[in-house]
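Okay, so here's the structure we're looking at.
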Amino acid sequence: MPALTTLRCAALAARVSLARENARRAFASHGEAEHGEMLSQPAAALARLPPASVRVLVGFGAALLVSLVVLHRRPAARGAAGGGGGPAEHDPAARFLALSEGANATIAADLRALTAGPHLAGTGAAAGAAARVLSGFRAAGLRTLTREYTPLLSYPGHASLALLRADRTLLAHLSLDEPADVGRRLVRPYHAYAPSGGAVAEAVFVNLGREEDYLTLERLGVSVSGRVAVAIRGGGYRGGVVRRAAERGAAAILIAGHADGGVERGTVILGGPGDPLTPGWAATAGAERLDFDQEEVKRRFPAIPSMPVSGKTASAIIRTLGGPALPAEWQTGVGLPVDVGGVGPGPTLVNFTYQEDRKMGMIQDIFAIIKGYEEPDRYVILGNHRDAWTYGAVDPNSGTSALLDIARRLGIMLQSGWTPRRTIILCSWDAEEFGMIGSTEWVEENLEDLQSKAVAYLNVDCAVQGIGLFAGSTPQLDNLLVDVTRQVKDPDVEGKTVHDTWNKMTGGINIERLARTDSDFAPFLHHAGIPCMDLYYGKEFPGYHTALDSYHWMEKHGDPLFLRHVAIVEIWGLLALRLADDPVLPFDYQTYASQLQEHANAFSGMMENSKWVHLLNISIEDLSDAGIEFLKEAKMYSPPEDYESKLSFFPGVADAISRSSNRSVKEQQAAVRHEVWKISRAIQRAADVLRGEFSNRNESLYYSDPVYGCAGVINRLQDQIRAAQCELAWTHAQIAMHSAAAAHARTTPPSRTTLPPGQRDGGGGVAGAPSSTQQATTSTAWQLEDFASEFSFPSLHNTSTDE
């Protein structure tokens, strides 16, 4: 229900921006007409004056004109907008790009400092990276805030691994260290939230630990029940790999790295992002926390212990296994000769123990905020996390250094006189590696404000990990991204733009749909329903979450000249400027409708019942006919619960198919039909909001819908009423203010007026500020009393601030 409500609220943002711009233009035209009338009045007044008085006034006017000409010919101050003329003077995008000279050196210096040592969230070593980001924001002249949370974090305690003979005598101790971590500076490889436990049992090699791998073992007559599974990393989310092993009765699972010596750390928590003890609300110091024995908490943690190990350690185990021979396609993963090793079980035994250290830890999010001059209650949000499993040169501090360069450029632009139309928020998240905790807790704490006021969230995690631009997005942002890449020089091909080379990659431009939950866009998109984008250079990084993720690797292999970093900065920054400064939000509604139609066509190939597909098509056609910007409905691209689902869209349908696989055909059809109705309703409501209409459908239809119920109907009607009131109140307020100012213009000097504090929009924030044209005509402005109340974020009250 919250996601469907969000669809209308978010779609309203595009509609309100259009209404505000139309009103601004109308007021500007009206002001020019009045100005013309006022210019005709001095001539009539002069005709009534004596000739001597006229001569005095003419002489005074001539002297004033000469003074103005002299002043006009003086050089403009450096503080003037643009700082010296040229295209950059009036074009924020050109000004932003003009600041690229030397940016690669600045980015490299920031990255070197950020990656000087490990900085795992919740540890003392994390303070250095936090201080670097905070000082970077402040050096740019931006106002900063911090927010602390206290979630449950997980660290390794004691662990051991050994090979035993069948009689349980020791055969060999096996190392749990990472070969690539020569100096042993890093936390030993482990899986966060893996439970304590142990096993002395036969081992079975399960390849990547996918569903098809277990089916292969079944055909070979091999079971993992009661045994230790050994897998090679690459079978999808590691938490899913652990869960599948547990579902088949394994006592524990070891997940091996590759032959490069790196061992991948990571979380194995289940059930989505965020603190597992505060699902749905922020993990503040005094917040309610669920008990570990509650079912909602227990299902977040894997049922069996797990551990990442080196490829060398995994090979030592597999070489001792008997049983059926390794399938040929499985042998390359561990680099074994064809004639060595089987899949197991046994005959040797694995003795594995692990002790987890769970504790409440303090994490800190850091923000820099640039207030918009006309729509301060609309937020364009840029985010990157700074915590890392190791040194983090790729993940995430390539993105952190890019964010700091954006802050630097925006700070210079502010000093030159530029101010964004809408508010820009730069976010540095903590504890992303534990499951997007920092971003999720902040979204949970500010959910209502973000749903009603956030324009978009632009995420960069691993900014640079190789060659070529890759992007994921909600569909209404596709064309904006494509347009922006036409303005950015390609970092690898002289004389080309990023768009040129991107268009030639693997058959043309391909923008991924964000159906995953592996970075900080997840809570914004899948929980708050905010349009999102994720950007990165390079498809994959082999040293992901290992000791190989170092500044040395970036300098020698990833981006020696740091020009790919500059390209990401330019794309990221130009996207933010367009979303913050365009009078009408640059959302492409038609692209969204086309994408939905593609999904419906793919869905139709899977279903025999054409009536369900027809229902979807009717809603999508109506949405397309609305003809204006369409904001993403969160659940359309949320990840399905079924890890094995091949359906990357309409996750409710995917889960309905998965959950009803053992039911009758009639029950399966009913489950899928219900999900199709939910999708169709969401699309139809979006179309109604985009038209600016109340629903013309029979609202009584929804009273019997068990998904929504009476509370849902009331909430939906309240949202629609608030939507209309928001737009009408803003327009009426501006007309009243303009008329009042015009009435007093001839008799009283201009004065500052204040918007009545009770005049707010549906989300609790200021309904809308006058444009710069209106301010010049009516001398009207307002300022809120303090920064925290200005943004109406509960999480920004009583926190550290910096002027």
Side-chain angles (χ1 to χ4, degrees), residues 152-178 187-206 209 214 217 222-233 235 238-257 263-270 276 292-293 297-323 334 343-359 434:
L152 178 70
L153 301 178
S154 172
Y155 302 96
H158 172 75
S160 65
L161 182 66
L163 271 177
L164 307 180
R165 298 182 181 87
D167 61 2
R168 300 205 170 204
T169 59
L170 179 66
L171 183 61
H173 288 291
L174 300 178
S175 174
L176 291 174
D177 291 326
E178 180 178 21
V187 64
R188 176 179 280 184
Y190 78 106
H191 286 155
Y193 304 106
S196 300
V200 179
E202 297 172 322
V204 173
F205 181 51
V206 298
Y214 286 104
L217 289 174
V222 176
S223 170
V224 298
S225 180
R227 297 178 169 123
V228 175
V230 180
I232 300 298
R233 183 74 181 102
R238 67 189 71 80
V241 174
V242 175
R243 188 186 70 170
R244 285 190 288 273
E247 289 172 345
R248 285 158 179 80
I253 181 169
L254 306 175
I255 302 180
V263 180
E264 181 184 309
R265 300 147 181 84
T267 183
V268 291
I269 200 163
L270 303 169
F292 284 99
D293 59 356
V297 174
K298 288 195 293 185
R299 64 170 174 257
R300 297 291 307 276
F301 302 111
I304 60 174
S306 63
M307 176 69 70
V309 298
S310 67
K312 180 179 179 181
T313 293
S315 295
I317 296 173
I318 297 170
R319 286 174 182 274
T320 68
L321 297 181
V334 289
V343 297
T348 56
L349 304 176
V350 171
N351 184 1
F352 168 59
T353 63
Y354 175 66
Q355 182 65 44
E356 181 195 15
D357 180 17
R358 288 183 187 172
K359 56 187 176 184
F434 287 86

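Below, all heavy atoms of this structure are taken into account, side chains as well, without hydrogens, waters or symmetry copies. Please read all numbers here as calculations on a predicted model, not as lab measurements.
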Does [X] reach the main-chain N or O of [Y] with its side chain, forming a donor-acceptor pair under 3.5 Å?
X: T313; Y: S175; value: yes
X: S315; Y: G311; value: yes
X: R165; Y: L170; value: yes

Legend entry - The single option from P302, P305, P195 passing side chain to side chain contact (heavy atoms under 4.5 Å, CB included) against V242: P302

Inset, instruction - Scan D177, V263, V309 and name whichever one has a side chain to side chain contact (heavy atoms under 4.5 Å, CB included) with P189. - result: V263

Inset, instruction - Would you mind checking if D293 and K298 are paired as a salt bridge, meaning a charged N to carboxylate O distance below 4.0 Å? - result: no

For [X] against [Y], the heavy-atom pair lying closest together:
X: L176; Y: S160; value: CD1-N, 3.7 Å
X: P276; Y: R300; value: CA-NH1, 3.4 Å
X: H173; Y: A162; value: ND1-CB, 4.1 Å
X: A194; Y: Y354; value: O-CE2, 3.4 Å
X: P345; Y: V222; value: CD-CG1, 4.1 Å
X: G322; Y: P347; value: N-CD, 3.7 Å

Side-chain heavy-atom pair [X], [Y] within 4.5 angstrom cut-off:
X: L270; Y: F301; result: no
X: R244; Y: I253; result: no
X: L321; Y: V343; result: no
X: V228; Y: E202; result: no
X: H191; Y: R265; result: no
X: D357; Y: K359; result: yes
X: F205; Y: L217; result: no
X: L163; Y: T320; result: yes

Between [atom1] of [X] and [atom2] of [Y], what distance do you get to the nearest 0.5 Å?
X: E178; Y: K312; atom1: CD; atom2: NZ; answer: 13.5 Å
X: N351; Y: R168; atom1: CG; atom2: CZ; answer: 8.5 Å
X: S310; Y: L174; atom1: OG; atom2: CG; answer: 8.5 Å
X: L349; Y: L171; atom1: CG; atom2: CG; answer: 10.0 Å
X: I304; Y: F352; atom1: CD1; atom2: CZ; answer: 9.5 Å
X: M307; Y: L254; atom1: CE; atom2: CG; answer: 8.0 Å

Inset, instruction - Walk me through it: do I255 and V241 pass the test side chain to side chain contact (heavy atoms under 4.5 Å, CB included)? - result: CA-CA 9 Å; I255 302 180; V241 174; 4.0 Å; yes

Legend entry - Trace of the side chain to side chain contact (heavy atoms under 4.5 Å, CB included) decision for F434 with I269: CA-CA 8 Å; F434 287 86; I269 200 163; over 6 Å; no

Inset, instruction - Kindly indicate, with the supporting measurements, whether the criterion side-chain hydrogen bond (donor to acceptor under 3.5 Å, both in side chains) is fulfilled by Q355 and S196. - result: CA-CA 5 Å; Q355 182 65 44; S196 300; 3.2 Å; yes

Legend entry - Between Y193 and Y155, ring centroids under 6.0 Å: no

Inset, instruction - Carefully, step by step, assess V230 and V204 under the rule side chain to side chain contact (heavy atoms under 4.5 Å, CB included). - result: CA-CA 6 Å; V230 180; V204 173; over 6 Å; no

Legend entry - Full working for side chain to side chain contact (heavy atoms under 4.5 Å, CB included) between L164 and T348: CA-CA 6 Å; L164 307 180; T348 56; over 6 Å; no

